[in-house]
Undergrad: 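Shown below is the structure under consideration.
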Amino acid sequence: MWRDWLLRAAQLIGSIVGAVVLASLLATLSHPAHGLWPFLTALCERIFAAVRGDFGLSSVTGVPAMASAIDMMSFTFQLLAGGAVIALLIGIPLGILLSASRALRAAAPLIQIIAATPVFVAALALIWIAVRVLHWSGISQASALSWVDLVRSDGWSAALQAFALPALTVGAAGAASVQLSIRRAAAVAWSAPYRSGLRMMGLGALDIDLHYALPEVLAALLRDLGEIALALISATAVAEWVFNRNGAAILFLKSAALGDWNVSAAALFLFVTIALIASFAGGIASQLIVPEDRP
Amino acid sequence: MSDAQSLLRIRDFTFAGAGAGKLKIEGFSLTLDAGGTLTLLGETGSGSGAVIRLLSQPIRRGVNVSGTIQFRDGPEQQIGGRIASGVRTAYLPGPHANVLNPRASVLSQLSLVVARKLRQPRTSATAELALVLERLPGAPTLDVLDNPPALIAPEALATGLLAAAMAQTPELLLADDPLGELSPAHARALASVLKAEQKRLGFGLLYAAARADAAKLLDGNLIVLRSGRIVEEGTVSRLATVQSHSYTQTLFRASSPDERQAPDRSVARGEPLLRVQGVQLLRRGKPKARDSLNFELRRGASLALIGEIGSGRRSLARALLGLDPVASGRIVFDQVDIGVLNPAMLARLRRRVSFITGDDDALDPRMTIFDTVAEPLRAHLAMPRDLVAHNRDAALKRVGLAALPGNRTVASLTPFDRRRLQIARAIVSQPLLTVIDEPLRGLDAFAQSVARDLLRNFRSNEGPAILFITSDFGLARAFCEDGFVFKEGRVVERGPIATLLRAPQDPHTRKLLEAVAALPIGEPSSPKPAMAPVESRSPDPI
Amino acid sequence: MTGTAIKIANPASQSRIRTIISTIGLSGVGAIAVIVALSNVIARVPAGAVNAGPPSLAPDSHYAFGTDVLGRDVMSETVHALTVTFSSAVLATVIAIVIGAIAGFAAVRAPLRLGAVLRAVSGVLGALPVLLLAVVGVGLAGHDFAAVAAGLAVSPAIFNRSFDRAIALARSRHAEYARATGIPGITLLRRDLVYEVRANFINVTGRALASTTIVLATLGFLGFGAAPPHRDLGLMIAAARPNYLDVWWPALFPAVTLTMFILFARLAAALDEGEPP
């Protein structure tokens with residue numbers, strides 16, 4: 001098992017180094033050098049600088065690019081975390097219910113429709129419902145409020161309104177990934193031959209589910225953590241745009257639109273690192289719960 | 001049998017599987033005495049296994065069953081409703097039955113089963129299991145069982161499953177052919193342990209068997225089933241004789257074929273096809289000390305590599321084909337030293353090799369029947385289409401698969417059909433050398449009988465040299481003139497099969513021979529084979 | 001004897017369900033293709049034609065989808081935008097299939113461990129959110145290359161799946177037996193390609209089409225997609241956004257059209273709805 005962990009850690013480090021190279025390549029491409037050799041030299045310089053945390057300066061504000069990205073990361077992290085919580089709270093029970101109950105499988109077409117809805121369409125629909133049905137105001141206006149403000153006695157309602165919809169948008173996108181992961185794993189676990197075998201040997205269905213099926217489903221969910229993180233990050237980018245919130249994702253989009261590639265590269269690197277760490281942590285946790293067959 | 005002693009009585013049991021062509025069991029009745037043994041013998045689709053499995057678990061709603069069941073002197077209950085058994089029942093599957101979670105430790109699963117059945121904490125259940133394992137001869141330790149099923153040898157797993165069943169101190173044991181896929185030696189050993197436990201605990205044993213070997217090992221009473229109906233019932237000793245129904249006789253003959261007839265000698269032998277000089281095999285990357293081999297295999301000759309799983313016979317076969325490196329020595333195949341060949345040239349050489357194996361994964365499940373047989377013709381011989389079709393159809397006809405649609409995928413075939421398909425593929429390959437690896441594994445009695453005939457037919461018509469990997473001396477004698485006996489990675493004895501049968505020197509050879517009950521040991525051998533035995537220099541000291 | 005209990009589900013019936021779902025999806029995509037082909041007939045006015053009707057008119061018998069703030073017929077605009085989205089999505093899908101699926105499969109047999117290197121690179125690219133990767137592509141190459149950028153952004157995930165599948169096939173027991181009997185690598189590759197394409201072409205293509213459509217529509221919504229007057233569905237929704245709380249129809253109908261297109265692509269792929277693999 002230690003060997004497997006070391007291998008995964010080496011893969012993580014290799015991937016992060018790859019992400020550094022990618023970010024440096026992006027920043028170098030945006031300032032094209034004349035000739036291959038100058039390009040390669042510029043790229044190497046960028047890579048060495050990036051390893052030291054220096055992603056250059058913003059061409060718009062003149063501020064260090066990584067510092068800009070990290071400053072804006074605070075809200076993005078909150079949105080990602082809030083979205084992840086909602087994704088798990090909705091996705092896990094939904095996935096289990098849909099895989100366990102034949103009757104509820106009839107709801108599968110509805111799930112297909114929801115899964116086919118782009119994030120920005122879902123966000124606009126939520127805004128419409130919030131304003132027209134719930135009579136919330138100021139949903140799409142720029143707001144610095146975050147989940148921290150939810151615990152304040154005054155203004156928690158405003159904070160709820162400011163934070164809830166973006167988090168719900170991100171969470172809904174994540175929930176689609178979570179429930180799909182659960183259902184795939186549950187379908188395999190529910191139809192495994194050992195279920196009937198262990199029943200014949202004298203175990204009850206509940207015992208089999210608790211000791212074997214559910215851990216396998218949970219392990220599969222953890223293995224897919226990287227994919228779920230990617231879905232959440234993409235949804236966060238759209239949510240910040242639609243709800244006009246200042247986070248690293250909207251910074252990335254605006255920088256890309258303005259050609260400020262140093263900042264874009266820095267923000268992109270941070271997002272990739274989040275996804276890679278989620279994938280790594282999920283893989284390790286999954287191995288702890290159910291050791292995988294390795295080739 | 002008096003009713004007062006009966007442990008289990010089933011009357012007019014009827015079961016109908018869903019859909020056309022599904023299993024139907026009609027009007028089936030049995031009585032099992034306390035301490036008695038009743039074997040349900042039948043090939044695949046007979047219903048013998050289904051009866052055991054239906055009795056082992058609550059019957060789902062909507063399953064079409066009827067009949068009555070009675071335990072001891074209890075009331076008759078309707079099968080299909082909620083049954084109060086009143087007797088302690090345990091289920092004993094075979095090691096290849098996929099009843100356990102492949103990722104979890106066998107020990108943890110068996111402990112959980114025992115804990116639930118005995119209504120004890122798991123620690124107590126593990127202790128019970130340990131006590132039983134100590135009692136059973138040749139049983140694995142708890143450490144060995146504390147691994148996923150794939151990492152445990154089948155015989156150890158089979159003993160572990162038996163220990164779990166015995167820890168429940170059952171009054172009724174439902175055995176789903178646990179001896180079926182073990183090698184003859186291990187099956188014999190496990191059967192004797194099972195009988196000793198039965199004597200000790202006094203449980204009734206209801207055993208589902210696909211082959212008569214298990215019935216002979218367990219003795220007792222026998223019910224012969226065919227297509228869900230009882231053909232005959234009686235004691236094993238009576239039904240094993242010529243006084244039984246012809247179908248019963250066929251089942252018994254299939255498990256004990258007359259192996260006295262020497263292999264066909266229809267192919268003239270010539271130059272050595274395979275020459276092995278001073279080859280030392282590698283074991284876990286290191287040379288196996290004192291295991292230097294020298295022998296020749298001529299065209300059309302046959303060599304059996306006999307031993308249990310993990311004994312080293314497959315390692316030798318792989319080394320001879322250049323699939324694995326050797327520590328030292330030289331292997332010459334068809335006049336070519338394979339040690340000097342690059343991978344591309346080695347691949348060309350292997351075109352004259354075919355495989356027939358009991359491994360169900362040997363064929364690509366996505367391919368169709370036609371494509372599977374035609375591929376060697378297209379890839380190796382670049383034949384025109386009509387000639388490919390002609391050869392393909394002829395091969396399929398020979399193995400009895402011509403009636404199946406050619407566009408059926410391998411995945412949809414039964415293990416028996418896949419085995420025949422492998423033979424058809426080997427036929428069209430026109431090989432110089434065929435490696436046959438446990439070809440009858442997992443097949444029921446009839447299928448084995450047909451498969452043997454097809455292999456004999458293949459050998460006599462195509463005449464390749466044969467490397468036969470098996471743990472069954474009976475099979476080795478049927479197909480090969482010479483043999484190597486393997487144990488723990490080394491050759492412990494070698495020579496003509498007839499000599500090994502007549503005068504086995506090594507205790508392991510004797511053990512393997514004893515496991516095949518039909519073969520007399522130490523008696524005069526069969527008439528001398530028509531062709532000279534394989535030349536072999538005296539081996540280096542083992 | 002391999003003991004299995006009385007069967008729970010019939011794999012043949014599950015396969016039938018997937019075939020039905022896939023047929024529905026393919027029919028839907030086909031219907032959209034027909035609409036796109038006949039867009040100039042179905043749409044009453046050319047793309048971007050302002051003042052075709054009164055501004056912000058609600059749907060009625062004459063303007064089935066209503067008009068927007070500039071008096072554009074929303075139904076005609078939706079059809080034209082669907083044409084742009086469909087064409088871009090098809091192009092992006094072709095790029096994704098070629099660079100993703102086919103290259104992924106072939107890379108396993110590339111010499112000198114090139115395949116492993118490509119897999120490592122693709123693994124890093126696959127760790128990037130697809131949308132952000134597409135934004136980078138558009139930012140560097142320009143809005144005119146949005147379809148190419150979307151196709152390239154979706155490729156790494158498809159490449160990784162294809163590569164991993166090809167590796168699993170190459171290491172399978174049946175491949176080992178085939179190699180042991182001298183079946184050449186090219187025959188095994190042909191065998192894999194033929195059977196994988198037969199079994200998975202529609203699935204992979206449908207999946208890629210759904211992914212590229214979502215990416216392209218989101219790019220359009222964020223302003224990174226097709227530039228006006230060649231509005232795609234995403235840009236059309238973005239344009240309707242300032243007033244949609246009151247004038248909802250210029251946003252609703254393109255949104256429903258977009259969702260239906262993605263839904264049909266997913267159905268065509270018979271995308272896993274929890275059925276065992």
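In what follows, chains are A, B, ... by sequence order, proteins preceding strands, each numbered from 1.
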Undergrad: Below 4.5 Å, heavy atoms only, C-beta onward: do A:W241 and C:T218 meet side chain to side chain?
TA: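 Of all side-chain heavy-atom pairs linking C:T218 with A:W241, none is under 4.5 Å.
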
Undergrad: Relative to chain C, which of A:L258, A:L268, A:I274, A:V17 shows the most heavy atom pairs under 4.5 Å?
TA: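 Heavy-atom pair counts peak at A:L268.
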
Undergrad: If the contact rule is any heavy atom under 4.5 Å from chain A, which residues of residues 248-262 of chain C qualify, in numerical order?
TA: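 Contacts with chain A: C:W248, C:A255, C:L258, C:T259, C:I262.
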
Undergrad: Can you see which heavy atom on A:L253 is nearest to which on C:F224, and at what distance?
TA: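 Heavy atoms only, the tightest pair is O-CZ, 3.4 Å.
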
Undergrad: Considering only heavy atoms, give the residues of residues 125-134 of chain C separated from chain A by less than 4.5 Å, sorted numerically, with 'none' for an empty result.
TA: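 Interface residues of residues 125-134 of chain C: C:L125, C:G126, C:A127, C:L128, C:P129, C:V130, C:L131, C:L132.
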
Undergrad: Tell me, side chain or backbone of A:V121 under 4.5 Å from chain C's heavy atoms, or both, or neither?
TA: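 For A:V121, side-chain heavy atoms alone lie under 4.5 Å from chain C.
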
Undergrad: Would you confirm whether C:R266, through its side chain, and A:I113, through its main-chain N or O, come within 3.5 Å as a donor-acceptor pair?
TA: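 Judged by distance alone, no pair lies under 3.5 Å.
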
Undergrad: For residues C:L245 and A:I127, determine if any side-chain heavy atom of one lies less than 4.5 Å from a side-chain heavy atom of the other.
TA: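 Side-chain contact under 4.5 Å: yes.
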
Undergrad: Checking heavy atoms, do the side chain of A:A229, its backbone, both or neither come under 4.5 Å from chain C?
TA: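 Neither part.
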
Undergrad: Please check if the number of heavy atoms outside C:I202 that lie under 6.0 Å from its CD1 is greater than 12.
TA: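 No, the 6.0 Å shell around CD1 holds no more than 12 heavy atoms from other groups.
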
Undergrad: Measure distances from A:A237 to the heavy atoms of chain C and classify the residue's part below 4.5 Å as side chain, backbone, both or neither.
TA: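 Just the side chain, heavy atoms under 4.5 Å.
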
Undergrad: For chain A, find its close neighbours in residues 148-155 of chain C: heavy-atom separation under 4.5 Å, sorted by number, or none.
TA: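 Heavy-atom contacts from residues 148-155 of chain C to chain A are absent.
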
Undergrad: Taking all non-hydrogen atoms of both residues into account, name the closest pair between A:V242 and C:R241 and its distance.
TA: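 In this case the closest contact between A:V242 and C:R241 is O-NH2, 2.5 Å.
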
Undergrad: Given the options C:L222, C:I214, C:V135, C:I237, which has more heavy-atom pairs under 4.5 Å with chain A than any of the others?
TA: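 Counting heavy-atom pairs under 4.5 Å, the top option is C:L222.
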
Undergrad: Do you know which of C:V138, C:V124, C:V121 has the most heavy-atom pairs with chain A at a distance under 4.5 angstrom?
TA: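 Of the candidates given, the most pairs with chain A belong to C:V124.
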
Undergrad: Of all residues at least two apart in sequence or in a different chain, which pass the side chain to side chain contact (heavy atoms under 4.5 Å, CB included) check with C:S172?
TA: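 Only C:H174, C:A175 meet the side chain to side chain contact (heavy atoms under 4.5 Å, CB included) criterion with C:S172.
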
Undergrad: Would you name the heavy atoms of A:W128 and C:Y244 that are closest together and state the gap between them?
TA: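 In terms of heavy atoms, the two residues are closest at N-OH, 3.6 Å.
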
Undergrad: Could you give the distance from CG (C:L263) to CD (A:Q112), rounded to the nearest 0.5 Å?
TA: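 C:L263 CG to A:Q112 CD: 6.0 Å, rounded to 0.5 Å.
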
Undergrad: Mind checking the CH2-CG spacing from A:W261 to C:L140? Nearest 0.5 Å is all I need.
TA: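 So the CH2 of A:W261 and the CG of C:L140 are separated by 4.5 Å.
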
Undergrad: Counting heavy-atom pairs closer than 4.5 Å to chain C, which one of A:A257, A:A275, A:S279 comes out on top?
TA: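 Heavy-atom pairs under 4.5 Å are most numerous for A:A257.
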
Undergrad: Return the option, out of A:A115, A:G226, A:A125, with the maximum number of heavy-atom pairs under 4.5 Å with chain C.
TA: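 Ranked by heavy-atom pairs under 4.5 Å with chain C, first place is A:A115.
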
Undergrad: If we define contacts as heavy-atom pairs under 4.5 Å, which of A:A231, A:S264, A:A249, A:S234 has the most with chain C?
TA: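 The option with the most such pairs is A:S234.
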
Undergrad: Go through the atoms of A:T117 and report whether side chain, backbone, both or neither lie under 4.5 Å from a heavy atom of chain C.
TA: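 Its backbone and side chain both get close to chain C.
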
